[in-house]
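Chain letters run A, B, ... following the sequence lines, proteins first, then strands; residues in each count from 1. All of these numbers come straight from a predicted model, not from anything done at the bench. These values consider heavy atoms only, across backbone and side chains, with no hydrogens, waters or symmetry-generated copies.
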Amino acid sequence: MLDMKFIRDHLDQVEQRLATRGGEISLAGFRQLDERRRSLLTESEQLKAKKNSASEAIAKVKDKSQVADQIAAMKEVSSRIKALDDELKVVEDELQHLLLTIPNLPHPTTPVGRSEADNVLIRSWGEPPRFDFAPKNHWEIGEQLGILDFERAVKIAGARFALSTGAGARLERALISFMLDLHTTEHGYTEVLPPFMVNRASMTATGQLPKFEDDLFKLVDPDFLLIPTAEVPVTNIHRDEILKKADLPISYTAYTPCFRREAGSYGKDTRGLIRQHQFNKVELVTFVHPDDADAELERLTGHAERVLQLLELPYRVMALCSGDIGFSACKTYDLEVWLPGQNAYREISSCSSFGDFQARRGGIRFREDDKSKPEFVHTLNGSGLAVGRTLVAILENCQQADGSVVIPKALRPYLGGMETIPSP
RNA sequence: GGAGAGAUGGCCGAGCGGUUUAAGGCACCGGUCUUGAAAACCGGCGUACCGAAAGGUACCGUGAGUUCGAAUCUCACUCUCUCCGCCA
């Protein structure tokens, strides 16, 4: 959510900066609601002041019959206040809903562009492997090794679900442990294991609601929603709190499954593990002082990159353009891992800075010192990494001519020293 | 699922229609005293919104209602705790 006062004072500038996201966002409705709200509020509050002082005067008189006409007059005032407050509530609800549907302002360093095609290459790491045979897709490799079973997953659940078995299941568990250990021991994150279902207030704070309800899986109980990312429960750890400046930065890492409806992506990535209704992810979430947010995005992105480096998987870092960043983000770096089976780089992590956008929605604040007013913290998060896609990258990059897959060295201690997944 | 109890400021806790600008205590911050510290004493100490300011308004779990006036009365809901049942 943007600061209402900032929008009011910089209406044209806000409109222009939002326009770089594409689509059309008009703030004419905002101006109208904002003015109506303030005029109703002023009138209502003046009448309340009058009512309060009259009540005090009436209270001092013992014989109420002497002030019967005053009491009658106040009855009028009260009903007028009620009428004003009723209208005010309608206006404020509308204004609030409008504010909740306005996306974040792109960061000044976010490249301006319309689509994915305008994203900017920042750096790349590692060399795509050369094969003296035709490299296979991960679903071919996985099925041949007997570690991925898509057919049975369809039977159990449906399309866009996967069943890992044997070494596949163990590899995924190893990846989760490996990532969590790296982030907790070397990068200073605190591990958390949050709820996988959250309430509507939590989804609203991080920005999934009210606009993207269709992307979420809902339960019969309407109060609970399945998380599409650990960002939601973890960021909400500090919702409606005033943190101490000395506590910042706060860094959490969490493994959770993620549940996404993938509405509107029917044609895309229909085969394999790339796009699933349920997938595992290790997430990084940090709360920082506003002055540190820019540097923190670089650090956090580096922490996600470190996972790929230790796994020896080639990748590149892209700065998303204004037309491609998410609703709540002001700046985003995507890490794209090389996938030989697709002969392309594909997203494996998305690291974003949200400024005070989520903090304002969620009331996450800190005090500069004991005397000063609370200010909003800045929040950031990134995948560190998407576990299913990491499995895909390992299968495709580390495949051998004989159909076996060599396990990256860093992962072997988590697999009882296993060096390869042998071809059956 | 059944029965009961409760929800007040960072914490404890009083208040149960108008002397509450929410008592009192603890914690915290500033000061006096002291060689220093402690103690004692004095003062300060919530959040949000409207306003150029002065100032005003709202908030005692949430939402409605009664009343000239609600932390206080009524209704609904939510959450927490205790016991019973069920359960990994």
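- Residue A/Asn199 places no side-chain N or O under 4.0 Å from the OP1 or OP2 atom of B/U78.
- Atom-to-atom, CD of A/Glu43 to P of B/G51 comes out at 15 Å; the value is rounded to the nearest Å.
- For the atom pair A/Met1 CE and A/Thr101 OG1, the distance stands at 11.0 Å (nearest 0.5 Å).
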Next item on the list: Using Watson-Crick or G-U wobble pairs with both distances under 3.5 Å, give me RNA chain B in dot-bracket, 5' to 3', with [ ] for crossers and | for pairs to another strand.
Entry: ((((((((.[[[..)..(.....]]].(((((.......))))).(((((....))))).[[[[[..)....]]]]])))))))....
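- How far CD of A/Glu186 is from CG of A/Leu310: 7.0 Å, rounded to the nearest 0.5 Å.
- The aromatic rings of A/His303 and A/His187 sit parallel, their planes meeting at an angle under 30°, below the 60° perpendicular limit.
- The NZ-P distance, from A/Lys48 to B/A70, rounds to 11 Å in whole Å.
- Here CZ of A/Phe357 is found 8.5 Å from CD1 of A/Ile102. Values are rounded to the nearest 0.5 Å.
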Which pairs of donor and acceptor atoms, one on a side chain in residues 281-289 of chain A, lie under 3.5 Å apart (sequence neighbours left out)?
| from | atom 1 | to | atom 2 | distance (Å) |
| --- | --- | --- | --- | --- |
| A/Lys281 | NZ | A/Thr229 | OG1 | 2.9 |
| A/Lys281 | NZ | A/Glu283 | OE1 | 2.6 |
| A/Thr286 | OG1 | A/Glu296 | OE2 | 3.4 |
| A/His289 | ND1 | A/Asp291 | N | 3.0 |
| A/His289 | NE2 | A/Glu368 | OE1 | 3.0 |

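- When the side chain to side chain contact (heavy atoms under 4.5 Å, CB included) test is applied to A/Ala304, the partners found at least two apart in sequence or on another chain are A/Leu335, A/Ser349, A/Cys351, A/Leu385.
- Close to B/U47, at under 4.0 Å from its OP1 or OP2, lies a side-chain N or O of A/Arg367.
- Annotation for A/Gln32: atom CD does not count as buried by contact number, only 12 or fewer foreign heavy atoms lying within 6.0 Å.
- Residues A/Asn199 and A/Ser202 bring a donor and an acceptor atom of their side chains to less than 3.5 Å of each other.
- Note that NZ of A/Lys409 and CD1 of A/Ile407 are 12.0 Å apart. Values are rounded to the nearest 0.5 Å.
- A search for side-chain hydrogen bond (donor to acceptor under 3.5 Å, both in side chains) contacts involving A/Arg152 returns A/Asp149, not counting sequence neighbours.
- Spacing between atom CZ of A/Arg37 and atom P of B/A58 amounts to 15 Å, rounded to whole angstrom units.
- Atom pair A/Asp86:CG and B/G65:P shows a separation of 7 Å (rounding to whole Å applied).
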Can you give me the N/O atom pairs linking the protein to nucleotides 17-23 of chain B at distances under 3.5 Å, or say none if there are none?
| from | atom 1 | to | atom 2 | distance (Å) |
| --- | --- | --- | --- | --- |
| B/G18 | N2 | A/Ser55 | O | 3.4 |

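- Note on A/Arg8: only backbone sugar-phosphate atoms sit closer than 4.0 angstrom, heavy atoms only; bases stay farther off.
- Counting to the nearest Å, the C1' atom of B/C28 and the CD1 atom of A/Ile242 are 14 Å from each other.
- Among the heavy atoms of the strands lying under 4.0 Å from A/Lys89 are primed sugar atoms or P, OP1, OP2 only; no base atom is included.
- Nearer to the 5' terminus of RNA chain B, by closest-nucleotide assignment, is the contact made by A/Asp3 (compared with the other of A/Lys51 and A/Asp3).
- The interatomic distance linking A/Leu40 (CG) with B/C50 (C1') rounds to 12 Å, in whole Å.
- We find that CG of A/Asp240 is positioned 17 Å from P of B/C79, with the value rounded to whole Å.
- For the contact set between residues 71-83 of chain A and RNA chain B, defined by any heavy atom under 4.0 Å, the members are A/Ile71, A/Met74, A/Lys75, A/Ser78, A/Lys82.
- Counting to the nearest Å, the P atom of B/A58 and the CG atom of A/Asp85 are 9 Å from each other.
- Residues A/Glu45 and A/Glu92 each lie close to RNA chain B; by heavy-atom proximity, the contact nearer the 5' end of the strand is made by A/Glu92.
- Atom CD in A/Glu231 sits 5.0 Å away from atom CD in A/Gln358 (nearest 0.5 Å).
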